[in-house]
Amino acid sequence: MKNINIFKNTGNFAEDKDLAKEIRLKKIMPSLKYDDEVVIDFAGVESTTQSFIHALLSEVIREFGSEVLDRIAFKNCNANVRGIITIVVDYMQI
Amino acid sequence: MKIHIPNSAWLGNIDPFLRSFDTSHPDLLEISANRSWISIHPVVLAMVASLGLSLKPGQIICEQLEAKSKHYLKRMRLFDLLGIDSQIKIHEHEPAGRFIPLTQITDPDKLTNFITEMVPLLHLEPHQVEPIRYIISELTRNVFEHSQSKIGAILCAQYYKKSNVIRIGIVDRGVGIKKTIAESYPVKTDEESVQLALTPGITGTTRRIGGTDYNAGAGLFFIKSIAKVNRDFFIIYSGNFMYKLLKTKNSSPVRLYGDPFKDKHSKGSDFPYWNGTVVGVDLSLDDTEEFSILLKMISDTYSKTVKERRKQYYKQARFI
């Protein structure tokens with residue numbers, strides 16, 4: 001299982017889309033391609049933006065399909081972060 | 001160019017100020033101001049600053065200001081940013097205000113640090129910080145991604161105690177919304193372009209529903225919707241078109257629409273041509289919805305709008 005710590009890359013406000021894309025390309029996608037599970041840990045992240053989460057996740061869902069969400073877990077998400085992740089996960093499946 | 005800083009220009013009454021902008025002689029900027037009092041939205045300052053930053057100091061003529069508020073313009077760093085001498089001295093004992101002075105942001109790598117360092121200047125409660133950080137991030141990132149603005153993004157914000165409102169202005173002198181939307185959609189006018197830019201799921205970077213891997217076409221819709229849910233003003237001005245979201249009365253329910261022209265608004269396609277994009281937003285801090293609840297309301301409308309174009313089987317995210 002691959003653990004990805006967002007705070008280590010972004011600090012307490014995860015808004016940098018370029019960082020999100022980099023995390024997706026270098027950490028999330030390779031792990032998923034090797035059938036690994038991924039835990040994206042938002043401990044310490046106070047808030048994020050829809051743009052960040054979109055850059056982090058949208059192409060993952062597009063490329064692997066909705067079923068990939070069975071292999072991704074979101075950990076230590078406060079209400080704001082949870083809300084934005086849910087928004088992006090929802091709209092990527094409509 | 002001539003720009004006159006009026007006695008009063010807030011989002012609700014900003015139209016005369018915008019219409020007074022004289023775009024002739026683009027290699028020269030003449031700045032004048034009301035002689036008695038200046039009471040203006042931060043977006044006005046950001047616009048004046050952006051015009052000046054597109055020129056050299058020698059191309060800017062600023063009349064000797066007489067209004068008592070000229071110290072305000074100095075404190076907001078207008079003259080520093082333009083590189084002109086205001087001949088105003090700020091007294092050290094003046095009380096600190098709750099504002100983010102005019103700031104030019106040219107490096108997207110520095111935006112996160114800027115937001116982290118500057119937002120505390122507004123002295124907000126923790127729950128009030130979220131929408132502010134969100135708005136500043138999304139609007140500034142839009143400038144970097146779409147505008148090709150040589151001066152980057154010009155930002156200014158202030159908290160107004162009497163009305164308990166934060167007012168934010170972000171301005172660029174880039175290619176404007178019509179050019180960016182036209183990369184993917186056959187738009188003919190600035191009005192059409194802005195309407196599309198405010199519609200969820202639409203971005204100039206692709207025709208694909210829901211955007212690219214990097215851009216969802218949701219940013220402006222979310223910001224407009226934050227203003228709508230909070231019953232505040234929001235304006236966007238690009239080319240010759242200005243759209244103004246009007247306040248929803250307290251007695252009326254808030255309804256969010258994918259089409260910005262279904263919101264209560266005013267607009268015009270006969271404004272002086274602005275090369276770039278101007279966004280102004282107010283955010284009242286009285287009884288604001290929890291940010292997470294607010295985003296949920298917005299996302300429901302976003303999803304509904306995009307769903308009208310495409311349907312798929314979906315699963316829910318797993319949280320541990």
Quick one: what part of B:I115 sits under 4.5 Å from any heavy atom of chain A, side chain, backbone, both or neither?
-> side chain
By a 4.5 Å heavy-atom criterion (distance strictly below it), what part of B:N215 contacts chain A: side chain, backbone, both, or neither?
-> both
Reported CD-to-CZ distance for the pair A:E15 and B:R141, which is rounded to 0.5 angstrom | 4.0 Å
Is it the case that B:R318 places NZ or CZ above or below the six-membered ring of A:F74, under 6.0 angstrom from the centre and within 45 degrees of the axis?
-> no
The interface call for A:V81 against chain B, heavy-atom contacts under 4.5 Å, is neither
Do any of residues 16-24 of chain A have a heavy atom less than 4.5 Å from a heavy atom of chain B, and if so, which, in residue order?
-> A:D16, A:K17, A:D18, A:K21, A:R24
Measuring heavy-atom distances to chain B, does A:N76 have an atom under 4.5 Å in its side chain, in its backbone, in both, or in neither?
-> backbone
Once you round to the nearest 0.5 Å, how far does CZ of A:F13 lie from CD1 of B:I136?
-> 8.5 Å
State, to 0.1 Å, how close B:T212 and A:S58 come at their nearest heavy-atom pair, and which atoms those are.
-> O-OG, 3.9 Å
To the nearest 0.5 Å, what is the distance between CG (B:D213) and CE (A:M29)?
-> 8.5 Å
Can you pull out the residues in residues 50-57 of chain A with any heavy atom less than 4.5 Å from chain B?
-> A:Q50, A:S51, A:H54, A:A55
Separation of A:T49 OG1 from B:I135 CD1 (nearest 0.5 Å) = 12.5 Å
Between A:I85 and chain B, which part of the residue has a heavy atom less than 4.5 Å away: side chain, backbone, both or neither?
-> side chain
Partner of B:S299 under side-chain contact (heavy atoms from CB on, under 4.5 Å), chosen from A:T86, A:I84, A:I87 | A:I87
Taking atom CD1 of A:I72 and atom CD1 of B:I320, what is their separation to the nearest 0.5 Å?
-> 12.0 Å
Counting only heavy atoms closer than 4.5 Å, note whether B:R133 contacts chain A via side chain, backbone, both or neither.
-> both
Can you tell which of B:Y302, B:Y214, B:Y134 has the highest number of heavy-atom pairs within less than 4.5 Å of chain A?
-> B:Y214
Against chain A, label B:F222 side chain, backbone, both or neither, depending on which of its atoms sit under 4.5 Å from a heavy atom there.
-> side chain
Mind checking whether A:T10 and B:T112 have side chains closer than 4.5 Å, heavy atoms only?
-> no
